[in-house]
Amino acid sequence: MTVFDMLKMIQIDHQPLTSPVVVMTDPTGKPNAVLTDLLHDVLNKMELFVDLGDAPDADAVIEDLHNFTPLREDVLDEYRKILTQPVSGLNIARRKQLVEIIYDEFV
């Protein structure tokens with residue numbers, strides 16, 4: 001399973017996840033600021049330019065962003081990396097009001 005798969009599956013109040021409520025953590029629960037910031041960035045762009053419900057895979061998201069934004073290829077490559085990042089689980093931190101996506105080792 002990948003980050004993209006998680007984003008497709010998880011909804012809060014029947015709406016897709018938004019960037020302020022999702023965090024990337026390692027298996028011990030330690031947040032990864034770099035991955036979280038990258039995920040927030042791609043989620044913000046997706047909210048504006050991509051219908052996640054219509055996207056069959058991460059490559060379709062990247063293709064839409066390529067077609068509808070002036071983002072450079074290196075930025076799109078980083079977006080592809082975070083969307084295809086393997087994940088091992090999900091944690092709902094109710095007190096923090098966060099959804100923690102637990103990532104596997106770096107791709």
Side-chain angles (χ1 to χ4, degrees):
M1 182 165 279
T2 66
V3 169
F4 175 81
D5 298 326
M6 284 285 186
L7 295 175
K8 288 278 286 190
M9 232 181 352
I10 302 167
Q11 293 185 348
I12 297 178
D13 295 327
H14 302 281
Q15 297 297 315
L17 283 178
T18 59
S19 60
V21 299
V22 65
V23 175
M24 297 292 293
T25 65
D26 69 10
T28 65
K30 181 180 175 189
N32 183 308
V34 173
L35 291 181
T36 298
D37 288 346
L38 183 57
L39 181 59
H40 286 183
D41 194 35
V42 73
L43 282 172
N44 288 332
K45 298 293 187 297
M46 287 170 58
E47 285 180 33
L48 295 172
F49 300 106
V50 177
D51 183 356
L52 186 60
D54 291 341
D57 55 25
D59 288 332
V61 170
I62 299 304
E63 185 176 331
D64 284 348
L65 290 174
H66 174 75
N67 291 335
F68 301 118
T69 69
L71 293 169
R72 298 185 327 254
E73 285 301 318
D74 59 329
V75 174
L76 294 173
D77 287 342
E78 292 300 312
Y79 286 179
R80 181 177 284 108
K81 287 178 187 175
I82 190 65
L83 290 174
T84 58
Q85 173 71 44
V87 297
S88 61
L90 179 73
N91 183 53
I92 308 296
R94 292 175 54 192
R95 284 189 177 171
K96 299 178 199 175
Q97 297 182 346
L98 291 175
V99 173
E100 298 174 350
I101 296 177
I102 304 165
Y103 63 88
D104 284 338
E105 61 189 60
F106 290 106
V107 172

Asp77 and Arg72: CA distance, side-chain angles, deciding distance, side-chain contact (heavy atoms from CB on, under 4.5 Å) verdict: CA-CA 9 Å; Asp77 287 342; Arg72 298 185 327 254; over 6 Å; no
Residue pair Thr36 / Leu39, side-chain heavy-atom distance below 4.5 Å: no
Shared hydrophobic cluster for Ile102 and Val42 (ILVMFWY, side-chain gaps under 4.5 Å): no
Residue pair Asn44 / Ser19: nearest heavy atoms and the distance that separates them: OD1-OG, 2.9 Å
For the student: nearest non-hydrogen atoms of Asp104 and Gln85, plus distance: O-NE2, 3.2 Å
Test item: Val75 and Leu65 side chains (from C-beta on) under 4.5 Å apart, heavy atoms: no
Lys/Arg N to Asp/Glu carboxylate O, Lys45 vs Asp41, below 4.0 Å: yes
Short side-chain to backbone donor-acceptor contact, His66 and Leu71, under 3.5 Å: no
More than 12 heavy atoms of other groups within 6.0 Å of Gln97 CD: no
Where Ala58 and Thr84 come nearest, the two heavy atoms and their spacing: CB-CG2, 3.9 Å
Minimum heavy-atom distance Val87-Val3, with the two atoms named: CG1-CG2, 3.6 Å
Rounded distance [0.5 Å steps], OG1 in Thr25 versus NZ in Lys30: 11.5 Å
Under 3.5 Å: donor-acceptor pair, side chain of Asn67, backbone of Asp64: no
Which atom of Leu38 lies closest to which atom of Ile82, heavy atoms considered: CD2-CB, 3.7 Å
Sole candidate of Leu98, Ile101, Val99, Asn91 that passes side chain to side chain contact (heavy atoms under 4.5 Å, CB included) when paired with Val23: Leu98
Nearest-0.5 Å distance, CG of residue Leu35 to NE2 of residue His40: 11.0 Å
Tyr79 vs Ile62, side-chain contact (heavy atoms from CB on, under 4.5 Å): CA-CA, chis, key distance, verdict: CA-CA 7 Å; Tyr79 286 179; Ile62 299 304; 3.6 Å; yes
Distance, nearest 0.5 Å, that separates CG of Asp26 from OH of Tyr103: 4.5 Å
Close side-chain approach of Arg80 and Val61, heavy atoms under 4.5 Å: no
Cluster link Met24 to Met9, ILVMFWY, side chain under 4.5 Å: yes
Would you give me the side-chain donor-acceptor pairs under 3.5 Å for residues 47-57, sequence neighbours excluded?
unit_1: Asp51; atom_1: OD1; unit_2: Gly53; atom_2: N; d: 3.1
unit_1: Asp57; atom_1: OD1; unit_2: Asp59; atom_2: N; d: 3.3
unit_1: Asp57; atom_1: OD1; unit_2: Ala60; atom_2: N; d: 2.9

